[in-house]
Amino acid sequence: MATDPLSITFAALADPTRRTILARLMEGPATVKELSEPFEMTGPAISKHLRVLERAGLITRGREAQWRPCLLDAGPLREVTEWAEPYRRFWDASYARLDNYLRDLQAKDENHGE
């Protein structure tokens with residue numbers, strides 16, 4: 001089992017249900033019942049997903065009377081973004097080379113067509 005924070009965050013993000021929960025929490029705090037509405041799964045199953053997200057530091061739980069609303073904590077996502085940044089630059093450079101190659105091909109086609 002991974003112990004470094006980035007691996008724990010990626011493990012939490014690996015599940016589509018957890019990603020959907022995080023997307024919902026971008027709109028604001030939500031109870032477990034509200035978070036379980038779009039899914040056909042039991043409350044305990046949703047709670048298990050929430051524990052994984054909480055362990056990864058991606059959500060926190062507040063307290064309002066008997067409710068414990070979940071809140072998004074996007075801090076660990078910053079570390080994911082920083083990790084992915086070099087790959088974004090790689091893809092940007094690759095697309096720029098492809099654009100140049102296609103522009104050269106188009107120019108050659110236009111020159112031969114004259």
Side-chain angles (χ1 to χ4, degrees):
M1 183 173 205
T3 56
D4 68 284
L6 187 58
S7 295
I8 292 170
T9 301
F10 275 120
L13 294 173
D15 186 277
T17 299
R18 292 193 284 267
R19 291 192 304 270
T20 301
I21 290 170
L22 291 177
R24 164 56 186 88
L25 290 174
M26 282 194 301
E27 299 170 10
T31 64
V32 172
K33 184 176 187 286
E34 292 168 331
L35 291 171
S36 66
E37 286 173 356
F39 306 105
E40 291 186 19
M41 60 178 65
T42 63
I46 289 293
S47 292
K48 184 177 178 183
H49 284 295
L50 295 176
R51 281 194 300 276
V52 171
L53 292 169
E54 196 170 23
R55 193 175 323 121
L58 291 163
I59 67 167
T60 58
R61 294 191 194 201
R63 181 165 298 279
E64 289 180 21
Q66 73 271 25
W67 307 108
R68 295 198 64 210
C70 298
L71 300 101
L72 175 66
D73 183 348
L77 296 177
R78 184 178 308 119
E79 190 176 341
V80 170
T81 301
E82 290 169 1
W83 176 84
E85 179 60 23
Y87 297 99
R88 188 189 65 77
R89 288 193 304 262
F90 168 80
W91 285 111
D92 286 348
S94 296
Y95 287 130
R97 284 193 305 273
L98 179 61
D99 283 345
N100 289 336
Y101 177 74
L102 294 174
R103 203 172 299 120
D104 289 347
L105 280 179
Q106 189 175 19
K108 286 178 185 174
D109 282 349
E110 289 172 0
N111 289 338
H112 290 295
E114 293 177 2

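Below, all heavy atoms of this structure are taken into account, side chains as well, without hydrogens, waters or symmetry copies.
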Could you check whether any side-chain heavy atom of [X] comes within less than 4.5 Å of a side-chain heavy atom of [Y], counting everything from C-beta outward?
X      : Y     : answer
Leu13  : Leu58 : yes
Arg103 : Asp99 : yes
Thr9   : Glu79 : no

Of Leu35, Asp73, Leu71, Leu50, the residue whose pairing with Ile59 passes side chain to side chain contact (heavy atoms under 4.5 Å, CB included)
Leu50
Starting from [Y], can I reach [X] by hopping between I/L/V/M/F/W/Y residues whose side chains sit under 4.5 Å apart?
X     : Y     : result
Ile46 : Met26 : yes
Val52 : Val32 : no
Phe90 : Tyr95 : yes
Leu22 : Ile8  : no

For residues [X] and [Y], report the shortest heavy-atom separation together with the two atoms involved.
X     : Y     : answer
Ala56 : Ala12 : CB-CB, 3.7 Å
Pro29 : Glu34 : O-OE1, 4.3 Å
Arg61 : Arg51 : NH2-N, 3.9 Å

Flag yes if more than 12 heavy atoms outside Gln66 fall under 6.0 Å of its CD atom; otherwise flag no.
yes
Can you confirm whether Glu85 is buried at CD, in the sense that more than 12 heavy atoms of other residues, nucleotides or ligands lie under 6.0 Å from that atom?
yes
Separation between [atom1] of [X] and [atom2] of [Y], rounded to the nearest 0.5 Å:
X     : Y     : atom1 : atom2 : result
Leu53 : Leu25 : CG    : CG    : 8.0 Å
Arg89 : Tyr87 : CZ    : OH    : 11.0 Å
Glu54 : Cys70 : CD    : SG    : 7.5 Å
Trp83 : Leu6  : CH2   : CG    : 7.0 Å
Lys48 : Arg18 : NZ    : CZ    : 8.5 Å
His49 : Ser36 : NE2   : OG    : 11.5 Å

Ignoring hydrogens and geometry beyond distance, is a side-chain donor-acceptor pair present between Asn100 and Arg97 at under 3.5 Å?
no
Would you call Arg88 and Asp92 a salt bridge, using N to O less than 4.0 angstrom?
yes
